[in-house]
Amino acid sequence: MSVTMAKADTFDRQAADAFAARVGEILNAGAVAAMMSIGHRLGLFRVMADLPPATSAAIAAAAKLNERYVREWLAVMTTGGVVTYDAGRATYALPAEHAACLTPGAPLGNLAVYAQSIALMGVVEERMLDRFRNGGGMSYADYPCFHQMMAEDSAQTVVDHLFTALLPLADGVTARLERGIEVLDAGCGVGHALIAMAERYPNSRFSGYDLCADAIAAAQQSAGAKGLANVRFAQQDLTDFAEIERYDLITSFDAVHDQKEPADFLARLYRAVRPGGVHLMQDIGGSARLENNLAMPMAAFLYAISCVHCMPVSLGQGGAGLGTMWGWETAEAFLQRAGFSEIERHVLPHDPLNVWFVSRKA
Ligand SMILES: C[S@@+](CC[C@H](N)C(=O)[O-])C[C@H]1O[C@@H](n2cnc3c(N)ncnc32)[C@H](O)[C@@H]1O
């Protein structure tokens, strides 16, 4: 026992032991999450979901990977409770109930996509140490694969539900899209949501703006490959966005809280919407008050993403750095202050960590 522990007569040894065990669990879970990212990126979960119980050699062959590495990864996944192991046959299996949240198109959403964020935290740790000591922000270019990862995330929270759950939130919008309107996706990333809308509604015209040249290049390439004439993408820093009453529908999918100044950004979007137009916004569903988020599933994960990405990219633009967990109350207040009316807030079953706002310009 250390000197500090021995001296403190209020020291609860049982509580200390229980917490040390908890730290062990945290280390195990973190290790499994980092390795889950590797499994996701290499297609190992998809391969295992399609195989009967198989040896490490068979799994490695099916995934076209090195057996020795795959066997060690399987040991992590087995001890981490992700795959099952038959020691007699030396075979591994991914139960269907586990594949249900770890594979592309999985019915519960592919949660392995989010494991990539844990891996990304390690990539930026050295720079984070510096920012903790000296302040300052980060740039999107500091995060390799960010836009690809974001596209995988929004494929399952946005693109897959656009026509069944999201656009129908805004009464009358789908009929207007059929007839032909002007649409902007602000902070469009690689543009998959806008491209899906452009394909579905040929009478409407779609614009996508994003700060990052690589994301816009990918969006232009995808739209070009589909031969779409009613969608355009442009690299633009929306900090200075100054279009006036040009759009009937503006969407922003997970793209407000990490702007330089979210309040000013929403005011600019308001000015760009025509009277009678609609803003559809997805953002993180946490509360602005830490104490309200204690029971929120994955709150620690979201605060961590905030700390290493969303807050620093806003600070890196010289901005407010409100962070991922700026809170739905803040978002709602900023929408009101921007001038929007009839603000509706929705939480959808397919996307429980986010909140969806539909707001209108009178
Ligand atoms: C979390 S990502 C969401 C991307 C996309 N909407 C999606 O759902 O996949 C936020 C996006 O906002 C963009 N962004 C951040 N600051 C911006 C700015 N000042 N001007 C334009 N876009 C910006 C980023 O480049 C990034 O693509």
Side-chain angles (χ1 to χ4, degrees), residues 109 113-114 116-117 120 137-162 166-167 183-197 206-220 222-223 231 233-243 249-269 272 279-286 301-302 305-306 308-326 331 348 350-351 353-357:
V113 164
Y114 306 105
Q116 297 174 99
S117 309
L120 205 55
M138 300 280 277
S139 127
Y140 279 91
D142 290 324
Y143 304 88
C145 309
F146 170 76
H147 291 292
Q148 164 264 323
M149 200 176 84
M150 198 57 234
E152 285 187 65
D153 175 353
S154 60
Q156 45 191 18
T157 63
V158 180
V159 183
D160 287 352
H161 302 270
L162 263 176
L166 305 179
L167 294 172
V183 181
L184 170 69
D185 188 14
C188 62
V190 297
H192 291 173
L194 204 64
I195 289 170
M197 287 190 271
F206 298 85
S207 302
Y209 295 149
D210 198 280
L211 178 67
C212 295
D214 53 342
I216 289 298
Q220 285 167 335
S222 305
V231 61
F233 291 98
Q235 183 196 3
Q236 187 171 330
D237 182 349
L238 290 166
T239 306
D240 305 319
F241 181 55
E243 293 179 10
L249 169 66
I250 295 186
T251 55
S252 48
F253 301 123
D254 192 10
V256 178
H257 65 263
D258 45 11
Q259 292 295 316
K260 183 178 173 188
E261 298 289 349
D264 181 63
F265 178 72
L266 288 172
R268 288 171 188 276
L269 295 191
H279 177 220
L280 175 64
M281 167 178 166
Q282 175 203 38
D283 217 291
I284 303 297
F301 174 86
L302 291 167
I305 302 279
S306 182
V308 302
H309 177 80
C310 297
M311 181 186 76
V313 293
S314 174
L315 292 173
Q317 298 181 52
L322 299 185
T324 314
M325 298 292 264
W326 64 324
L348 302 175
H350 80 271
D351 189 18
L353 296 185
N354 283 301
V355 67
W356 287 85
F357 288 104

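One-based numbering, in listed order, for ligands and for the atoms of each. As the structure is a prediction and not an experimental result, all values here were calculated from the model.
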> In terms of side-chain heavy atoms, does E152 have a donor or acceptor partner in Q156 at a distance below 3.5 Å?
Replying inline: no
> Should one rank A151, G187, S314 by closest heavy-atom distance to atom 6 (N) of ligand 1, which comes out on top?
Replying inline: G187
> Quick one: does F253's side chain get under 4.5 Å of L162's, heavy atoms only?
Replying inline: yes
> When rounded to the nearest 0.5 angstrom, what is the spacing between CG in D185 and OG in S252?
Replying inline: 7.5 Å
> Which of the atoms in ligand 1, numbered in the order shown and given with their element, are less than 4.0 Å from a heavy-atom of L238?
Replying inline: 18 (C), 19 (N), 20 (N), 21 (C)
> Side chains of H350 and D160: does their closest heavy-atom pair fall under 4.5 Å?
Replying inline: no
> For ligand 1, which atoms, with element, lie under 4.0 Å from some heavy atom of C212?
Replying inline: 25 (O)
> Can you find a pair of side-chain heavy atoms, one from T324 and one from H257, that are under 4.5 Å apart?
Replying inline: yes
> What about A255: any of its N or O atoms under 3.5 Å from an N or O on ligand 1?
Replying inline: no
>> Looking only at protein heavy atoms, which one is nearest to atom 10 (C) of ligand 1, and what is the separation?
In response: D254 O, 3.7 Å
>> Measuring from atom 22 (N) of ligand 1, which candidate in L194, L211, D214 has the nearest non-hydrogen atom?
In response: L211
> What do we get for C188 next to ligand 1 when only non-hydrogen atoms under 4.0 Å count, side chain, backbone, both or neither?
Replying inline: backbone
>> Looking at ligand 1, would V158 count as a contact under a 4.0 Å heavy-atom criterion?
In response: no
>> Just to confirm my output: which protein heavy-atom neighbour is closest to atom 14 (N) of ligand 1, and how far is it?
In response: Q259 NE2, 3.4 Å
> Nearest protein heavy atom to atom 16 (N) of ligand 1, by residue and atom, and its distance?
Replying inline: Q317 NE2, 3.1 Å
> Does A215 reach ligand 1, in the sense of a heavy atom lying below 4.0 Å from it?
Replying inline: no
> Of V308, D142, D258, which is the lone residue that meets side-chain contact (heavy atoms from CB on, under 4.5 Å) with V313?
Replying inline: D258
> Below 4.5 Å, heavy atoms only, C-beta onward: do H309 and F146 meet side chain to side chain?
Replying inline: yes
> With a 4.0 Å cut-off on heavy atoms, is K260 touching ligand 1?
Replying inline: no
>> So, taking the atom named CD1 in I195 and the one named CD in Q220, what distance separates them when rounded to the nearest 0.5 Å?
In response: 10.0 Å
>> Against ligand 1, does Q282 come closer than 4.0 Å with any heavy atom?
In response: no
> If you round to the nearest 0.5 Å, how far is NE2 of H161 from OG of S154?
Replying inline: 11.5 Å
>> I'd like to know if Q236 contacts ligand 1, where contact means a heavy-atom distance under 4.0 Å to any ligand atom.
In response: yes
> Which ligand 1 atoms does D237 reach within 4.0 Å, using its non-hydrogen atoms?
Replying inline: 18 (C), 19 (N), 20 (N)
> To the nearest 0.5 Å, what is the distance between OG (S207) and CD (Q236)?
Replying inline: 10.0 Å
> Can you check whether Q282 reaches D351 side chain to side chain, under 4.5 Å on heavy atoms?
Replying inline: yes
> How close does the nearest protein non-hydrogen atom get to atom 27 (O) of ligand 1, and which residue and atom is it?
Replying inline: D210 OD2, 2.7 Å
> Between CD1 of I250 and CZ of R268, what distance do you get to the nearest 0.5 Å?
Replying inline: 12.5 Å
> Rounded to the nearest 0.5 Å, what separation is found between the CG atom of N354 and the CD1 atom of I284?
Replying inline: 4.5 Å
>> Closer than 4.0 Å to some heavy atom of H147 - which atoms of ligand 1 meet that?
In response: 25 (O), 27 (O)
> Looking at D258, which atoms of ligand 1 are within less than 4.0 Å of one of its heavy atoms?
Replying inline: 1 (C), 10 (C)
> Looking at atom 9 (O) of ligand 1, what's its closest protein heavy atom, distance included?
Replying inline: S154 OG, 2.9 Å
> Can you find a non-hydrogen atom of Y140 under 4.0 Å from ligand 1?
Replying inline: yes
> What are the atoms of ligand 1, with element, lying closer than 4.0 Å to any heavy atom of T239?
Replying inline: 19 (N)
